[in-house]
Amino acid sequence: MPARRPYPSDLSDARWELIEPVLSAWRFERRGRALDFGRPPEHDLREIMNAILYVDRTGVQWRYLPHDFPHWNTVYGYFAKWAAEGVFAQLNGLLRQLLRQKEGRDAEPSACVIDAQSVKTSTIVPASSQGTDAGKKIVGRKRSIVIDTIGLLLAVLVTAASVQDSVAGSQLLDQVAAEHSAIRKVWVDGGYRQHLVEHAATLGMDMEITARTPGTRGFTPIPKRWAVERTYGWLMLHRRLARDYETLSGRSEAMVHLAMTDLMARRLTGEATISWRDPKTVTKQPIPG
């Protein structure tokens, strides 16, 4: 690893040990198909991942990567390959199983929660992949996610914001049924329609629509569903997700997987996620009056 001053987003040795086998296996398999298999690797995978995490955590543009990282074009090339080949999803799945087992749970969940979040997009996002969420008055994209009951990501789907929650939810249910056969219970909010409940039943899942108590004002945690709001809060620690900057929706999904991979790796190694307001540097201000 090059001698440079570390950034807060850099992988520690302990977190790199969790991630390295997947990336090394990817490199070995890819080089096995290449003609120059005997040629030594040109780039350090740990530094490539550190650079990608820097972008995800800070929200900086690829071209604005600090010069002590590999060239931005190289880093982006690796990100694009890993996103297309499902490497980030694979990392997310591996660390989720490890974390669930560490907390005394089965590796595979038996229940999940589905929710959607509409976000604005940057000017580089093609208009064809955007839409308007009429309910939230947002022009952009929609992130629909499935989490287990402790808030860990099972699946994510990025669509235009105009896509109905139930349409995206149907695709996610099919994916969850194929990849997590143990799931039998699903919770959703009132934005999902009855036909999705019927679709879930055909997949052997009991879907329950939870709603706020009529007349309730302000923020009120809803049983079972509050966990998904907490997950969105975790994701927002990564500034790249405050808005959708990715040209392709698949790369937007990769950024979500990457953020959850970072969070879970920290939890597995007992390292706190650094917030933008470090308590050690905050000085108490005098109370006026």
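- Side chain to side chain, E271 and T269 meet the donor-acceptor criterion of an N or O pair below 3.5 Å.
- Interatomic distance, H257 NE2 to I145 CD1, rounded to the nearest 0.5 Å: 10.5 Å.
- Judged by distance alone, the side chains of R141 and S252 do bring a donor and an acceptor atom under 3.5 Å apart.
- Between L203 and H199 the shortest side-chain heavy-atom distance falls below 4.5 Å.
- Take Y7 and apply the ring-ring contact (aromatic ring centres under 6.0 Å, His included) test, not counting sequence neighbours, and it matches Y54, F69.
- The aromatic rings of W82 and F88 sit perpendicular, their planes meeting at an angle over 60°, well past the 30° parallel limit.
- The ring-ring contact (aromatic ring centres under 6.0 Å, His included) test applied to Y245 returns no partner, not counting sequence neighbours.
- Put simply, NE2 on H180 and CD on Q175 are 7.0 Å apart, with the number rounded to the nearest 0.5 Å.
- Atom CD of Q117 sits about 11.0 Å away from atom CG of D133, to the nearest 0.5 Å.
- To the nearest 0.5 Å, atoms CD1 (I52) and CG (L11) are separated by 10.5 Å.
- Looking at L99 and L152, their side chains come closer than 4.5 Å, going by heavy atoms from C-beta outward.
- Between the CG atom of D106 and the CG atom of D148 there is a distance of 11.5 Å, given to the nearest 0.5 Å.
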* Test E108 against R100 for salt bridge (charged side-chain N to carboxylate O under 4.0 Å, His left out), laying out the working first. => CA-CA 8 Å; E108 284 297 323; R100 285 182 59 86; over 6 Å; no

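- Side chains of P70 and I48 form a contact here, defined as non-hydrogen atoms less than 4.5 Å apart.
- Here CG of L235 is found 7.0 Å from CG of L263. Values are rounded to the nearest 0.5 Å.
- With a 4.5 Å cut-off on side-chain heavy atoms, M236 and Y232 do not count as touching.
- In this structure, Y78 and H43 have perpendicular ring planes: the angle between them is above 60°, well past the 30° mark.
- Counting only N and O atoms by type, the side chains of D174 and Q171 include no donor and acceptor under 3.5 Å apart.
- Annotation: side chain to side chain contact (heavy atoms under 4.5 Å, CB included) contacts of D165 (sequence neighbours excluded): A116, K142, Y192.
- Remark: K120 NZ is loosely packed, at most 12 non-hydrogen atoms of other residues, nucleotides or ligands lying under 6.0 Å away.
- The two residues S129 and V125 make their nearest non-hydrogen contact at OG-CG1, 3.4 Å.
- At most 12 heavy atoms of other shown residues, nucleotides or ligands fall within 6.0 angstrom of atom NE2 in H67.
- Between R46 and D13 a salt bridge is recorded (basic side-chain N to carboxylate O distance below 4.0 Å).
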